[in-house]
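Data block below; observations after.
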Amino acid sequence: MASDGEDINVTPTESLASATDTEDEETEPQLQSEPDSDADDLEVEEVPPTAEDADMDELFRQLEDYTPTIPDALTMHALKTAGFSTVDPKIVRLISVSAQKFISDIANDALQHCKTRTTNIQHSSGHSSTKDKKNPKDRKYTLAMEDLVPALADHGITMRKPQYFV
């Protein structure tokens, strides 16, 4: 303490605080060493793989050879933009395939809306020309907003036109 003989006034709360500080420092190494000793005592049982695990492994093996329409780099960029970062290529490939399926479902629903809309228009007009009597497979369809909006609404996405066009 003070070697020149000065008296040091220490209040009881200060001495209690300094005593607890030294006790905490002494007990911290003990707390850190206890989890290490518990980890040595634990025995880990290997769980046999279930049918679901086998299915997941098979899916991941198939995804390694499959090249999705949406590139992995684009999927990784979208994930990083959303705040999800992963380095596992299996997860990125799985998300790419899921996004591709989602987009194709929406496009297919929009096509069905277009087909029903054009069929309803032809039947409501009452007459059809020779041009309309083409084979339905030869017919070309165009993706229009009036077909896309209900298809997106079926999947829970609300889309509105802007109030005005410039």
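In this chain, residues are counted from 1 in sequence order. Note: hydrogens, waters and symmetry copies are ignored here, and every other heavy atom, side chains too, is used.
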Checklist entry - Can you pull the side chain to side chain donor-acceptor pair (under 3.5 Å) pairs that have at least one residue in residues 76-87, sequence neighbours excluded? => result none
Checklist entry - Considering residues at least two apart in sequence or located in another chain, which fulfil the side-chain hydrogen bond (donor to acceptor under 3.5 Å, both in side chains) criterion with Asp154? => result His113
Item to check | By side chain to side chain contact (heavy atoms under 4.5 Å, CB included) - contacts of Leu63 (at least two apart) | outcome: Leu59, Phe60, Arg93, Leu94, Val97
Next on the checklist: I need the minimum non-hydrogen distance between Ser96 and Thr75, along with the two atoms involved.
Outcome noted: OG-OG1, 2.6 Å
Checklist entry - Quick one: salt bridge (charged side-chain N to carboxylate O under 4.0 Å, His left out) pairs with a partner in residues 99-108, sequence neighbours left out? => result Lys101-Asp105
Next on the checklist: Suppose the criterion is salt bridge (charged side-chain N to carboxylate O under 4.0 Å, His left out): which pairs have a residue in residues 141-151, not counting sequence neighbours?
Outcome noted: Arg117-Glu146, Arg117-Asp147
Checklist entry - For Glu64, which residues count as a side chain to side chain contact (heavy atoms under 4.5 Å, CB included) partner, sequence neighbours excluded? => result Lys90
Next on the checklist: Nearest 0.5 Å, please: how far is CD1 in Ile95 from CG in Asp72?
Outcome noted: 10.5 Å
Checklist entry - Mind checking who shares a hydrophobic cluster with Leu148, ILVMFWY linked at side-chain heavy-atom distances under 4.5 Å? => result Phe102, Ile106, Leu143, Met145, Val149, Leu152, Ile157, Met159
Checklist entry - For Asp109, which residues count as a salt bridge (Lys or Arg N to Asp or Glu O under 4.0 Å) partner, sequence neighbours excluded? => result none
Item to check | side-chain hydrogen bond (donor to acceptor under 3.5 Å, both in side chains) partners of Glu52, counting only residues at least two apart | outcome: none
Next on the checklist: Which residues pass the side-chain hydrogen bond (donor to acceptor under 3.5 Å, both in side chains) test with Gln62, not counting sequence neighbours?
Outcome noted: Glu58
Next on the checklist: Under the rule for side-chain hydrogen bond (donor to acceptor under 3.5 Å, both in side chains), what residues qualify as partners of Thr67, not counting sequence neighbours?
Outcome noted: none
Item to check | Fellow cluster residues of Ile70, listed by chain then number, with links counted only when side-chain atoms sit under 4.5 Å apart | outcome: Leu74, Ile103
Item to check | side-chain contact (heavy atoms from CB on, under 4.5 Å) assessment of Gln112 paired with Thr116 | outcome: CA-CA 6 Å; Gln112 297 306 319; Thr116 56; 5.6 Å; no
Item to check | Where Ala110 and Ala151 come nearest, the two heavy atoms and their spacing | outcome: N-CB, 3.5 Å
